[in-house]
Amino acid sequence: MERFYITTPIYYVNSTPHIGHAYTTIAADILVRNRRQRGAETFFLTGVDEHAAKVARVAAEQGLSPQEYADQIAVVWRELPERLNASNDFFIRTSDDAHKRFVQGFLQRLFDNGHIYQDVYSGLYCVGCEAFKTDADLVDGKCPEHDSAPDWIEERNWFFRLSSFQQQLLDLYEQADFVLPGFRANEAKSFIAGGLQDFSISRAGQTWGIPIPWDPDSVAYVWADALVNYLSALTYARPGEDLVETFWPEVRHLLAKDILRFHCVYWPAMLLGAGYEPPRQLFVHGYLLLDDRKISKSLGNVVDPLDLIDVYGVDPVRFWCARAVSFGQDGAASIVGVHERYERELGNDLGNLLSRTTAMVARYRSGTLRAVMSPEGAVAGALAPLAADVAARLDDFDITGALERIWEVVRLLNREVETTAPWQLAKDPLRADDLDRVLYDLVDGLRVVAVVLAAYVPATAVAILEAICQPPALDWAQVAYGLTGETTGIEASPPLFPRLDSPVE
Ligand code: MSP
């Protein structure tokens, strides 16, 4: 059986979730739900990264210990995947005891394998990035990401011999799809080819973090702790089971370009050093930039973009994330765009198709659907390549392209309604069979669309199947023409996506 393990970055808890975090979690959920439909054994991991200096800083500002602060805010972060209807199998916190123990064992392995040495680090550290900086990283002495001057630190640290992994890393990049998209792989490759500096895996004189096992006065550098979550979680997510054997190295890491180096360079090298296989694949997506238009008070002042879910519902927000910009690229998106897609694509293209089709079955056939098929017809022709096309695109992480492919079918079904004009057929008793055929094709098309859309809009998919009186069978074999069963009881479906006021004043 195919195995598919997918991860999101574990998010810093120094602030609350926003739509950017939701974006990666939704993308991962779409990919894993689809794999599940296709019969793979899957595991989906998300969670939070707690041992950052910036977390300790915020805690101190609030007069709390870092752990007290993290315990409070972790509740909010745990709600993120729930509100997104994400089907994660586990939610990791880096303050979990089992994670801490695993990290210590992992670092000890690096040490025992001779990849760690002690040296004095003197240089710059940006708390915003939680990264050591060189002059070349700065603009006018400031970190361009955070517009603030990094701290000067001078301390005795433990270093990881990243430089000795250069060739092994370059060899990994020979595998064409190790990092996707290709332009991101090139970015990582040229960084590696440019020469690698060893990096510090410890911080001295700090208490918030995991103690270095052979030097308990130091703690692990937050990235040396956080990256290891992808492995550690597998050892304790299911009590009594070690999932490392099952899922490592069949892992796909999703992340945005901000943390490419840590994932595409440091992490594979750390794994090789500790005696593990490198990850199977990494996908680096772009940044989604949301405009800051003023949001209508009547809709509750949508300040936190996650509140979009309260206004539009979770499926429209998931749909929009997949569709707003081509997944992998950077893109500017707007709240107005959410509304437009809600109305035009979900409301009109999909919602109206369901309402019209069910209304016609109810009106012309008293809710009964006869199984009269047209294997040579336009609908059968359009559905035939769909399963393979959508799967192939999703295997390339092309969430946007797969959805566009599905939408071609939605548009075709809408055209079918217009060209076959069932309301005309209904007037002519001699064309009763033709009407049955048209109605069957429309309902069957809707069923298939529901199944392929289930990974994107899980609740909507089930609602469509219910409206056409079909069982909630979502396995990929259902993505084929002619599997709708004869049924009675189809009623005119109320709108899937009721009209809403525009959110922008
Ligand atoms: N804690 C580290 C990750 C450790 S993983 C071992 C971290 N956390 S973070 O909270 O800053 O999350 C960064 C990630 O959040 C990005 O890589 C991306 O997945 C997601 N995004 C945050 N803002 C985003 C956008 N505006 N657009 C798209 N993704 C965004 O880095």
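Both ligands and their constituent atoms are indexed starting at 1 by order of listing. Quantities reported herein were computed from a predicted structural model and do not represent experimental measurements.
- Nearest protein heavy-atom contact of atom 20 (C) of ligand 1 is T24 OG1, 3.5 Å.
- The distance criterion of under 3.5 Å between nitrogen or oxygen atoms is met by A256 with respect to ligand 1.
- Listed by atom number, the atoms of ligand 1 under 4.0 Å from L227 heavy atoms are 6 (C).
- Taking the six-membered ring where the residue is Trp, the centroids of Y236 and F90 are separated by under 6.0 Å.
- Against a heavy-atom cut-off of under 4.0 Å, G286 is close to the following atoms of ligand 1: 28 (C).
- Using a 4.0 Å cutoff on heavy atoms, A52 does not count as a contact of ligand 1.
- For atom 3 (C) of ligand 1, the closest heavy atom belonging to the protein is I10 O, 3.2 Å.
- Counting protein heavy atoms only, atom 13 (C) of ligand 1 is closest to D258 OD2, 3.6 Å.
- Per-residue contacts place A226 under 4.0 angstrom from the following atoms of ligand 1 (heavy atoms of the residue considered): 6 (C).
- Annotation for ligand 1: atoms under 4.0 Å from non-hydrogen atoms of Y230 are 5 (S), 6 (C).
- Although no hydrogens or angles enter the test, the distance criterion places no donor-acceptor pair under 3.5 Å between the side chain of T94 and the main chain of D49.
- Of the protein's heavy atoms, I259 CG2, 3.6 Å lies nearest to atom 31 (O) of ligand 1.
- Considering only non-hydrogen protein atoms, atom 26 (N) of ligand 1 sits nearest to L288 O, 3.0 Å.
- A ring-centre distance under 6.0 Å is not found for F132 and F199.
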Between Y456 and R318, is the side-chain contact (heavy atoms from CB on, under 4.5 Å) condition met? List the steps. CA-CA 6 Å; Y456 293 86; R318 292 172 61 106; 5.8 Å; no
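- Protein heavy atom at the shortest distance from atom 23 (N) of ligand 1 is H18 CE1, 3.4 Å.
- Aromatic ring centres of Y23 and H285 lie closer together than 6.0 Å.
- When heavy-atom distances to ligand 1 are checked against a 4.0 Å cut-off, Y12 comes that close through both its backbone and its side chain.
- Counting only heavy atoms of the protein, atom 12 (O) of ligand 1 lies nearest to Y11 CD2, 3.6 Å.
- Between D137 and K142, no side-chain nitrogen of the basic residue sits less than 4.0 Å from a carboxylate oxygen of the acidic one, so the salt-bridge criterion is not met.
- Atom 25 (C) of ligand 1 has G20 CA, 3.6 Å as its closest protein atom, hydrogens excluded (heavy atom only).
- Under the 4.0 Å criterion applied to side-chain N and carboxylate O atoms, E408 and R411 are not assigned as salt-bridge partners.
- Taking a 4.0 Å cut-off on heavy atoms, W267 fails to register as neighbouring ligand 1.
- In this structure, H263 and Y230 have tilted ring planes: the angle between them lies in the 30° to 60° band.
- The closest approach between any non-hydrogen atom of W223 and ligand 1 is below 4.0 Å.
- Using a 4.0 Å cutoff on heavy atoms, H285 counts as a contact of ligand 1.
- Under a 4.0 Å criterion applied to the non-hydrogen atoms of Y23, ligand 1 contributes the atoms 28 (C).
- Looking only at distances, no side-chain donor or acceptor of D198 sits under 3.5 Å from a matching main-chain atom of F159.
- Close approach to D49 involves these atoms of ligand 1, each under 4.0 Å from a residue heavy atom: 1 (N), 2 (C), 4 (C).
- Heavy atoms of E130 stay at 4.0 angstrom or farther from ligand 1.
- For D97, the salt bridge (Lys or Arg N to Asp or Glu O under 4.0 Å) criterion is met by K100, not counting sequence neighbours.
- For H21, the ring pair (Phe, Tyr, Trp, His ring centres under 6.0 Å) partners two or more places apart in sequence, or in a different chain, are Y11, H18, W77.
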Show your reasoning for whether side chain to side chain donor-acceptor pair (under 3.5 Å) applies to N34 and R38. CA-CA 6 Å; N34 176 266; R38 287 155 59 196; 2.7 Å; yes
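- Ring-centre distance between F283 and F327: below the 6.0 Å cut-off.
- Considering both main-chain and side-chain atoms, N229 never comes within under 3.5 Å of ligand 1 through any nitrogen or oxygen pair.
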